[in-house]
Protein chains: 2
Amino acid sequence: MPNESSAPRRRGAVRTEALLQVTLDLATEVGYAGLSIEAIARRAGVGKHTVYRRWPTKAALLLDALQRVWTRDLDYRPTGDLHTDLREQFLRSVSALTSPPLDPVYRAVIAEAQSDPAARAALHERFLRTVEQSTLEQVTRAQRAGQLRADVDLTFAAEVLCGTLYYRHLLTPHPVDEAAIDGLLDMFMAAYGTS
Amino acid sequence: MPNESSAPRRRGAVRTEALLQVTLDLATEVGYAGLSIEAIARRAGVGKHTVYRRWPTKAALLLDALQRVWTRDLDYRPTGDLHTDLREQFLRSVSALTSPPLDPVYRAVIAEAQSDPAARAALHERFLRTVEQSTLEQVTRAQRAGQLRADVDLTFAAEVLCGTLYYRHLLTPHPVDEAAIDGLLDMFMAAYGTS
DNA sequence: TCATGATCAGCACGCATCGTGCCGTTCCGG
DNA sequence: CCGGAACGGCACGATGCGTGCTGATCATGA
């Protein structure tokens, strides 16, 4: 006789969703330091097997948790003007990356990736490449519209843009503010712009 | 009566040096994963107190160990030509960062810095800033020589150069090869060069 | 010369996390 | 309704953390 005051035991995909959400909650409340599999299972009221059955590694779990909140803030209607669109995209990305739950989860993934080349590759494939790709689409459109020189390796250009911002955010105490973004875009346009 | 076949108990600065060297050795042999204070003390034949008395944090120890091998490969006689000098400096830095013991220790510091803002600030102040500074000196010299535009924020420019390389090295699976460095320098010169 | 205090190695502790194993229960599909 | 998968709970050994304590060793200065 299941007590109606106790939640029924959830399984499968529903459990998975719940676990990812708990991970994000924990990241928000106790930060990167509190993101142990043990703590996540405890908080979720779940046996550790239930976690390990789904993710072989803490990195894998964190990557999935990250994906849960990653794409939400990236939908943006481009206006067609390169400088405006890149600026808006970068501002949104930085804003998302600066506050929980994205910030602690992201930093945890970065840390995890340093000790595991596979996790590093997954991080780049699933997230960093996404941002580079989004940037690449914008600069490609601008190039076709004649706003950028035709002889430019846009893939590399996108990497420079994103890399500079990530570097500052992850490895320096300086904030990625509008001044930084504007400076970066100015340099970019000076190098590759047609005007 | 001290047995001459057993090494005399070392103290003070000598001990400190030995511990840093053990840290680098461990990093070379077992990599980032093996860099626990416990393992370092064990390998050095030393009580853990002897480590904790010197460094309050694993991050502090790693930062000091890093400094031991950091500056060695950076002495380089600039020729006066910006492109050549930057290229040479970046090639050397990347080469040093790619192999042990620098690579595992560096990655350990990066990981540590993600969970501790103080460690992050120390990392930037003691190492990243050093590289930025070295780059800054070169571009400043070039600006005075008229090779770069006069209206450029060189500090920011140096950050872009270094940040791009660090991003690729630390967070992507792509190697920082000559093509990447050349592409970066081409973009830099296109943006800020006077010719 | 010798005493004092700092430094040291070794051991132990309590705590936490990891990854795994086992048990008995709950739930779902056939 | 039954069999098997998923589950919660518990326990285990291993490892690292940071901190005590003890007794030996060393440097210094009186």
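Each chain gets a letter, A, B and so on, in the order the sequences are listed, and its residues count up from 1. The structure presented is a predicted model; accordingly, all values stated were derived computationally and were not measured.
- Between the NE2 atom of B/His49 and the P atom of C/dT7 there is a distance of 13 Å, rounded to whole Å.
- At whole-Å resolution of the value, CD1 in A/Ile40 and C1' in C/dG19 are 15 Å apart.
- Going from atom CZ of A/Arg15 over to atom C1' of D/dA6 covers 10 Å, rounded to whole Å.
- Straight-line distance from the CD atom of B/Glu38 to the P atom of C/dG10: 13 Å, rounded to whole Å.
- A sub-4.0 Å separation between OP1 or OP2 of D/dT15 and a side-chain N or O of B/Arg42 is absent.
- With rounding to whole Å, B/Tyr52 atom OH is found 11 Å from D/dG16 atom P.
- Here the P atom of nucleotide D/dT19 and the CD1 atom of B/Ile37 are 10 Å apart, to the nearest Å.
- Summarising the geometry, the separation between CG on B/Leu61 and C1' on D/dC17 is reported as 14 Å, rounded to the nearest angstrom.
- For the pair A/Leu62 CG and C/dC18 P, the computed distance is 10 Å after rounding to whole Å.
- At the phosphate of C/dA6, neither OP1 nor OP2 sits under 4.0 Å from any side-chain N or O atom of B/Arg53.
- B/Arg120 has no carboxylate O lying under 4.0 Å from a charged side-chain N of B/Glu112, or vice versa, which leaves the two without a salt bridge.
- If you check every strand for non-hydrogen atoms under 4.0 Å, A/Lys48 touches a base.
- Considering CG of A/Leu171 and CG of B/Leu171, their distance stands at 7.0 Å, rounded to 0.5 Å.
- Remark: A/Arg68 does not engage A/Asp64 in a salt bridge, criterion side-chain N to carboxylate O under 4.0 Å.
- Remark: B/Arg141 does not engage B/Glu137 in a salt bridge, criterion side-chain N to carboxylate O under 4.0 Å.
- Distances shorter than 4.0 Å separate some side-chain N or O of B/Thr50 from OP1 or OP2 on C/dA9.
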